[in-house]
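Read the numbers this way: they start at 1 and go in the same order the structure lists the ligands and their atoms.
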Amino acid sequence: MNELKQFISYEKMSKYVADIIEDIFKKSFRMTFPKLVLPTGSTPLGLYDELVKRELDWSNITTFNLDEYVINPNHLQSYHNFMRMNLFDKTNIYPKNYNFPNRNTQAYEDKIKEKGGIDLCILGIGTNGHIAFNEPQTPRNSKTHVVDLTKNTIKDNSRFFDSVDEVPTQAITMGIDTIMKAKRIYLVAQGSHKKEILERAVHGEITPEVPASFLQEHPNCEVFYSD
Ligand code: F6R
């Protein structure tokens with residue numbers, strides 16, 4: 001994994017990642033259909049706004065989201081709804097081309113394989129070092145699976161719900177092995193509250209206690225940070 005790259009602003013960081021994605025879209029010809037993995041959360045909102053502004057052609061793009069709550073997909077706070085509101089409904093992506101994991105976890109793995117694997121995976125990081133919903137102690141060889149969310153993550157995510165009691169207690173997530181198989185990975189983080197865990201993920205021991213630390217073993221992964 002490359003060193004941590006620090007940006008002077010969130011806006012600059014979002015634009016930088018949007019440039020990379022735009023480049024992939026532009027380089028894709030009729031026979032190559034880019035496959036992206038996308039996160040939800042606060043961090044990618046600037047990136048999604050930027051991508052929408054650029055009015056790119058999403059007609060041959062396939063996406064796989066990293067994770068989804070065990071929740072009705074029509075719920076306001078489902079990741080399905082989040083992606084539609086913040087990105088998909090504002091582009092020309094075909095609904096048949098965006099994918100979310102569900103309880104049939106093997107089918108998700110099979111579909112990724114069937115599509116030829118992931119070209120680019122964008123990740124966020126939780127304050128406990130999680131990537132997607134791979135919480136501390138998730139094994140390196142994990143595939144897409146159902147998880148019980150930790151108290152820490154439920155508390156972090158409660159800002160999107162009316163109360164902490166409304167946050168789902170389970171989610172479905174791509175596993176660490178699923179993520180590590182992507183050809184290219186960019187982890188994006190914003191805010192001083194992420195600094196300490198990022199330092200551990202990038203320079204610390206590779207350990208399931210900090211799931212993001214496994215990214216050190218990826219040959220083509222970069223980490224971006226802004227205050
Ligand atoms: C969500 C996901 C999570 C978030 C992480 C950071 O799809 O994969 O791992 O990336 O919890 O969330 P924010 O960006 O809200 O700080």
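For atom 9 (O) of ligand 1, the nearest non-hydrogen atom of the protein is A132 O, 2.8 Å. Ranking protein heavy atoms by distance to atom 6 (C) of ligand 1, first place goes to I125 O, 3.3 Å. At the top of the distance list for atom 16 (O) of ligand 1, counting protein heavy atoms only, stands K194 NZ, 2.7 Å. Among all protein heavy atoms, the one lying closest to atom 10 (O) of ligand 1 is G124 CA, 3.3 Å. Of the protein's heavy atoms, T40 OG1, 3.2 Å lies nearest to atom 1 (C) of ligand 1.
Surrounding CZ of R84 are at most 12 heavy atoms belonging to other residues, nucleotides or ligands under 6.0 Å away. The neighbour count for E55 CD, taken as heavy atoms of other residues, nucleotides or ligands under 6.0 Å away, does not exceed 12. Counting non-hydrogen atoms of other residues, nucleotides and ligands closer than 6.0 Å to NZ of K12 gives a total of 12 or fewer.
Note: Y79 and F133 have parallel aromatic rings, judged against thresholds of 30 and 60 degrees for the angle between ring planes.
Here W58 and F25 bring their ring centres to under 6.0 angstrom of each other.
The distance from ligand 1 to the heavy atoms of L66 drops below 4.0 Å at these ligand atoms: 8 (O). Of all the atoms in ligand 1, the ones that sit under 4.0 Å from a non-hydrogen atom of P39 are 7 (O). Remark: ligand 1 atoms within the under-4.0 Å shell around heavy atoms of T43 are 13 (P), 14 (O), 16 (O). Ligand-side atoms of ligand 1 in range of H130: 3 (C), 5 (C), 9 (O), 11 (O), range being under 4.0 angstrom from any heavy atom.
Between K53 and D49, no side-chain nitrogen of the basic residue sits less than 4.0 Å from a carboxylate oxygen of the acidic one, so the salt-bridge criterion is not met.
Side-chain atoms of E50 and S14 include no donor-acceptor pair closer than 3.5 Å.
The proximity of D67 to ligand 1, defined as any non-hydrogen pair under 4.0 Å, is limited to the side chain. Contact annotation for M83 and ligand 1: no heavy atom of the residue comes within less than 4.0 Å of the ligand.
With rounding to the nearest 0.5 angstrom, the CZ atom of F100 is 11.5 Å from the CD1 atom of I172.
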